[in-house]
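See structure below.
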Amino acid sequence: MAHAEGHQHAHVQGQPQAHAQGQQHPIGIYLKIWGLLFVLSTASYLVDYFHFQGYLRWFLIIVFMLLKAGLIVAVFMHMMWERLALLYAILVPTLLLMVLLGIGALEADYTFFTRGVFFLKGLL
């Protein structure tokens with residue numbers, strides 16, 4: 001038992017001080033990200049203010065939304081400092097789900113179109 005305690009104590013001494021107290025990040029990072037989120041939110045608001053229409057409007061809204069969400073997840077949820085395996089465990093299923101939803105949306109349009117053709121053929 002004394003051997004295990006000595007081994008554990010030696011392992012703790014070899015670690016940097018930040019790990020013993022918890023990971024600390026400078027407040028400046030959070031203030032910069034907060035400012036950037038404010039700028040992105042303002043830009044998102046300006047899309048409606050300047051009355052952008054059509055695909056350009058939706059493209060800009062989605063880009064600003066994804067940028068803000070990515071910054072929040074990376075910094076405020078501390079994902080930027082996590083291990084690569086944890087990032088893959090979160091990002092890969094999310095991206096795969098987005099791809100599958102896109103494929104499903106394309107298939108839904110095709111199915112809707114073919115049903116219309118089939119039912120119209122029966123009426124004529």
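Treat the numbers as computed from the prediction; the structure is a model and nothing was measured. Throughout, numbering of the chain's residues begins at 1 and tracks the sequence. Only heavy atoms go into these numbers, but all of them, side chains included; no hydrogens, no water, no symmetry mates.
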Hits for ring-ring contact (aromatic ring centres under 6.0 Å, His included) against Tyr30, two or more places apart or cross-chain, chain-then-number order -> Phe76
Whichever hydrophobic residues join Leu31 through chains of side-chain contacts under 4.5 Å
Ile27
Qualifying salt bridge (charged side-chain N to carboxylate O under 4.0 Å, His left out) pairs, either residue in residues 34-59, two or more places apart:
Asp48-Arg57
Does Val63 belong to the same Ile/Leu/Val/Met/Phe/Trp/Tyr cluster as Leu56, with side-chain heavy atoms less than 4.5 Å apart forming each link?
yes
Is there a continuous path of hydrophobic side-chain contacts, each under 4.5 Å between heavy atoms, that joins Leu100 to Leu91?
no
Using a 4.5 Å cut-off between side-chain heavy atoms of Ile, Leu, Val, Met, Phe, Trp and Tyr, which other residues end up in the same hydrophobic cluster as Ile103?
Val99
Inter-residue atom distance Leu106.CG - Leu101.CG, 0.5 Å rounding
11.0 Å
Rounded to the nearest 0.5 Å, what separation is found between the OG1 atom of Thr114 and the CD atom of Glu107?
8.0 Å
Any ring pair (Phe, Tyr, Trp, His ring centres under 6.0 Å) involving residues 39-71? Give me the pairs, sequence neighbours left out, ordered by first then second residue.
none
For residues 33-42, please give each side-chain donor-acceptor pair under 3.5 Å, one per line with the distance, not counting sequence neighbours.
residue	atom	partner	partner atom	Å
Ser41	OG	Leu37	O	2.9
Thr42	OG1	Phe38	O	2.8

Linking I/L/V/M/F/W/Y whenever any side-chain heavy atoms sit under 4.5 Å apart, do Ile62 and Leu97 land together?
no
Phe118-Tyr110 co-clustered via ILVMFWY side chain contacts under 4.5 Å:
no
Approximate separation, where rounding is to 0.5 Å, of Met77 CE and Glu82 CD:
10.0 Å
Shared hydrophobic cluster, Leu71 / Trp81 (ILVMFWY, side-chain heavy atoms < 4.5 Å)
yes
Rounded at 0.5 Å granularity, tell me how far CD1 in Ile90 sits from CG in Leu95.
12.0 Å
